[in-house]
Amino acid sequence: MPATIGFTPRHAQPFTLEQAMLLEVEILIAEVSRLENSLRHLQNTQDELKGFLESDPDGDEGGELAQAMNENEETIASQTERIALIKVALMNKIGEGGMRHYGLDSSLNEGKPVVGPGTAAPANSTDPAGAAHPDVTPRSAGGAVPTSQAESEAPEANGAEGLYL
């Protein structure tokens, strides 16, 4: 049986890889699209804030804009990682051919391709060669599923049943 790809998030996520793999493919694809749209808007906001701060360095007396930019950077990192997590779930469910069928690339971040089973370029990598991502690892389908600290701290939806993306 082929090895599945595992994923250990660095940021707290609202669901685990195993939970994502239980969802329908269409739901996962819609969530990738929603997150990518959100990232485009966040990046546009970052560009506007940066432009404002560069044109008027005294315009952020209380530091609120700089704080907003820092919070946006954390959100961008978390959402980028969530996209990678969902893409790993999709790769495990439908494979690379299925990803192409749905118009998705199999890269985990910004056009950096999956290097091999269980490896990918890290989200914050500046290495164009795409070093192996330490948090994406292959494991056999029958193997134990490691739980990371981030997965165990994932927020729950006020005790309501179900999975909230």
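Treat the numbers as computed from the prediction; the structure is a model and nothing was measured.
Residues satisfying the side chain to side chain contact (heavy atoms under 4.5 Å, CB included) criterion with E24, sequence neighbours excluded, are E26, I27. Shown here are the side chain to side chain donor-acceptor pair (under 3.5 Å) partners of N44, two or more places apart in sequence or in another chain: there are none. Contacts of Q46 classified as side chain to side chain donor-acceptor pair (under 3.5 Å), with partners at least two apart in sequence or in another chain: N72, E73. Among residues two or more places apart in sequence or in another chain, the side chain to side chain donor-acceptor pair (under 3.5 Å) test is passed with S38 by Q79.
With hydrogens and angles ignored, the 3.5 Å screen pairs no side-chain donor or acceptor of N92 with any backbone N or O of T4. A donor-acceptor pair is defined here as one N or O able to donate and one able to accept, closer than 3.5 Å; no such pair exists between the side chain of S78 and the backbone of E74. In terms of modelled atom types and a separation under 3.5 Å, the side chain of E36 and the main chain of S33 share no donor-acceptor contact.
A pairwise comparison of heavy atoms in L28 and A89 identifies CD1-CB, 4.4 Å as the closest pair. Of all the heavy atoms in Q19 and P14, the pair that sits closest is OE1-O, 4.5 Å.
In this structure, L90 CG and M99 CE are separated by 5.5 Å, a value rounded to the nearest 0.5 Å. Note that the CZ atom of F15 and the CD atom of E31 stand 6.0 Å from one another [nearest 0.5 Å].
Residues L85 and E81 form no side-chain contact, since every pair of their non-hydrogen atoms from C-beta on lies 4.5 Å or further apart. Under the 4.5 Å side-chain criterion, counting only non-hydrogen atoms from C-beta, P9 is not in contact with R82. For the pair I94 and Y102, the minimum side-chain heavy-atom distance is below 4.5 Å.
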**OP:** Begin with the C-alpha distance, continue with both residues' side-chain angles, and end with the deciding distance and a verdict on side-chain contact (heavy atoms from CB on, under 4.5 Å) for I86 and L35.
**Re:** CA-CA 10 Å; I86 293 169; L35 288 166; 4.0 Å; yes
- Query: So N37 and R40, side-chain contact (heavy atoms from CB on, under 4.5 Å) or not? Walk me through it.
  - Reply: CA-CA 5 Å; N37 184 54; R40 279 189 296 277; 3.6 Å; yes
Query raised in the report: Can you check side-chain contact (heavy atoms from CB on, under 4.5 Å) on I83 and L39, steps first, answer last?
Result: CA-CA 10 Å; I83 289 170; L39 286 173; 3.4 Å; yes
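As a member of the Ile/Leu/Val/Met/Phe/Trp/Tyr network built from side-chain separations under 4.5 Å, L53 groups with L49, F52, L65, M69.
Residue pairs satisfying the side-chain hydrogen bond (donor to acceptor under 3.5 Å, both in side chains) criterion with at least one member in residues 47-69, sequence neighbours excluded, are listed as follows: Q43-D47, Q67-E71. For residues 89-104, the salt bridge (Lys or Arg N to Asp or Glu O under 4.0 Å) pairs, not counting sequence neighbours, are E96-R100.
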